> 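Got a structure for you, written out below as structure tokens; questions coming shortly.
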2 protein chains.
Amino acid sequence: MAASDPPSKARERRGRPQPAARDDAEREAGAPGWKQDPDAVRRNILETARRAFVDKGLSGARIDEIAAGTATSKRMIYYYFGDKEGLYRAVLEDAYMRIRRLEQSLDLAALAPIDALRTLTGLTFDYHADNPDFVRLVMVENIHHARHLKTSQSIGALNHMAIGMLADIYARGLEDGVFRAGIEPIDLHLTISALSFYNVSNQSTIKQIFGHDMAQQDARGRRRATVIETVLRHVCVVEADRSEANG
Amino acid sequence: MAASDPPSKARERRGRPQPAARDDAEREAGAPGWKQDPDAVRRNILETARRAFVDKGLSGARIDEIAAGTATSKRMIYYYFGDKEGLYRAVLEDAYMRIRRLEQSLDLAALAPIDALRTLTGLTFDYHADNPDFVRLVMVENIHHARHLKTSQSIGALNHMAIGMLADIYARGLEDGVFRAGIEPIDLHLTISALSFYNVSNQSTIKQIFGHDMAQQDARGRRRATVIETVLRHVCVVEADRSEANG
DNA sequence: GCACGATTGTACGAAATGGTTACTTTGTCA
DNA sequence: TGACAAAGTAACCATTTCGTACAATCGTGC
């Protein structure tokens, strides 16, 4: 196997190759030297690819277009990611890693159950609205029956901890007597997710059919409040203080 | 323009061509004669194409595969639909026509506001669950930024009447004093839609990540009740009789 | 039954696309 | 300074895929 071969899994495992990459600034300046920064090249490719997959879907995205959008070349895409599916899987894994990191940074134990639920719902809503790329990637993956999620090593045993957090909040709320009994945490998660996800995923068709632009700031703000209110009303025993919903 | 040319719009408008098509039964029997049934051929193509687009997306679906799945040939696809996008648009239009027809057949004026809302929500949930193809088509269309919805003549001014019905139900509920004030019908629609849609659209990833199969009958039934309950709790002034949700 | 036009299967072509090879450029160290 | 290895590029190749030309087939009116 020559050095210029596309990296096999064995090769990748053995040790990370050290390709050189022009730093963007240096490249534009036309400076003769470049820094060796494989990670930057990887990230650059990943970001460009994400935009493409998110915009056109897996089959719709074109490797040549992605290559043209990067600071490097098609050769490097195959060098780092093997093939189109490998690139897509890397993009997907990256997206899930991010949301996982965010979840891990959350600590709602200090808040009262109702406030914790309000906060978690608001954050979930905001995350979706602020990261349409993530939403669209998940859409694409669902179109493909989550085939890549299945085969991905790193996402395989992901098991979002959102459920764990929700279960915790819910248990505390039950104990305090502010939440009603008989609700499954997964069900609660589905409700929060659905209301947050749909707002981004179906923006285009909704706008087209109803002329209602959910991306607009004020529409988004109002919708956010409604979603939080809906979730609280669903869980709370009595109509608790949900005057103004905030994160 | 020769007779074998793909039909231009002008030609289609001038008069429907009358292609012959073997009836499935006759074809399998190897009978020499066939009935001329262009509509059946059209429907057959449309149905096969829908399955393909729904399964692989717009770019992922292959014309040759679709042709192989029909009772007729690729030639006829181009004969009737011009090109791949034309075929896709026809599939999309067909899907929206169906849901529109369903909506028009609804008459909830006879029901009390709460019952009407309960019924409408249940029907919406059921329609989505029973027609995953429709849901996936809308997903695909959203991936493509509703580009084809924009350019479609027949869907252009669709303006779902679901909003109108909701507005009516809501107004009556307000009058009766059972619904609280300050809710936008469009907002209500978004909530119902989101909760119904997500359950189908994200089935694959949810199952993969949480091991929760939303297609399962009992899970679906429980979810249905939850969705109805959520909507009612959102709208009703007090916790109305929502013991067991039924359509 | 026969001619004619409508309908359909086959085989093909051109463009696009994923993937690879051969070669140049750049950094480094004796 | 010059040779060598690592990194990068552009041209290339094989295959797929959309779309079409052509001729064979079939129903229908005379």
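Here is the naming used below: chain letters follow the sequence lines, and residue numbers restart at 1 for every chain. Keep in mind that what you see is a predicted model, and the values were worked out from it rather than measured.
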> What integer distance in Å separates B:Tyr79:OH from D:dG19:P?
18 Å
> From CG of A:Leu87 over to P of C:dG19, roughly how many Å is that when rounded to an integer?
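Computing the A:Leu87:CG to C:dG19:P distance gives 10 Å.
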> What is the distance, to the nearest angstrom, from the NZ atom on A:Lys74 to the P atom on C:dA16?
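After rounding, the gap between these two atoms is 14 Å.
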> Can you list, by residue number, the residues of residues 54-67 of chain B that have a non-hydrogen atom closer than 4.0 angstrom to DNA chain D?
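When residues 54-67 of chain B is checked for heavy atoms under 4.0 Å from DNA chain D, the hits, listed by number, are B:Ala61, B:Arg62, B:Ile63, B:Asp64.
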> Whole angstrom is fine here: how far is it from CE in A:Met76 over to P in D:dA10?
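Roughly 12 Å, once rounded to whole Å.
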> Rounding to a whole Å, what distance do you find between B:Arg75:CZ and C:dC12:P?
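Rounded to the whole Å, the gap is 17 Å.
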> Does a donor on one side chain and an acceptor on the other come within less than 3.5 Å for B:Arg43 and B:Thr48?
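Not at all, the side chains of B:Arg43 and B:Thr48 share no donor-acceptor pair under 3.5 Å.
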> Can you confirm if the aromatic rings of A:Tyr96 and A:Phe134 lie within a centre distance of less than 6.0 Å?
yes
> Determine yes or no for a side-chain-to-main-chain donor-acceptor pair under 3.5 angstrom, with B:Lys56 supplying the side chain and B:Arg51 the backbone.
no
> Which listed nucleotide (C:dG9, D:dT9, D:dG19) is nearest to the side chain of A:Thr72?
D:dT9
> Tell me: NZ of A:Lys84 to P of C:dT17, nearest whole Å?
9 Å
> Without decimals, in angstroms, what is the distance between B:Ile45 CD1 and C:dG9 C1'?
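Answer to the nearest Å: 14 Å.
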> Examine distances only and state if a side-chain atom of A:Asp213 and a backbone atom of A:Ala215 form a donor-acceptor pair shorter than 3.5 Å.
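Indeed, once roles are kept as given, a pair shorter than 3.5 Å links the two residues.
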> Measuring to OP1 and OP2 of D:dA10, would you say a side-chain N or O of A:Ser73 lies under 4.0 angstrom away?
no
> Would you say the ring centroid of A:Tyr198 lies under 6.0 angstrom from that of B:Tyr198?
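Distance test on ring centres: not under 6.0 Å, no.
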> Could you tell me the separation between the CD1 atom of A:Ile77 and the C1' atom of C:dG19, rounded to a whole number of Å?
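Distance, rounded to whole Å: 11 Å.
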> Under a plain distance cut-off of 3.5 Å, with no hydrogens placed, do A:Arg100 and A:Ser105 share a side-chain donor-acceptor pair?
no
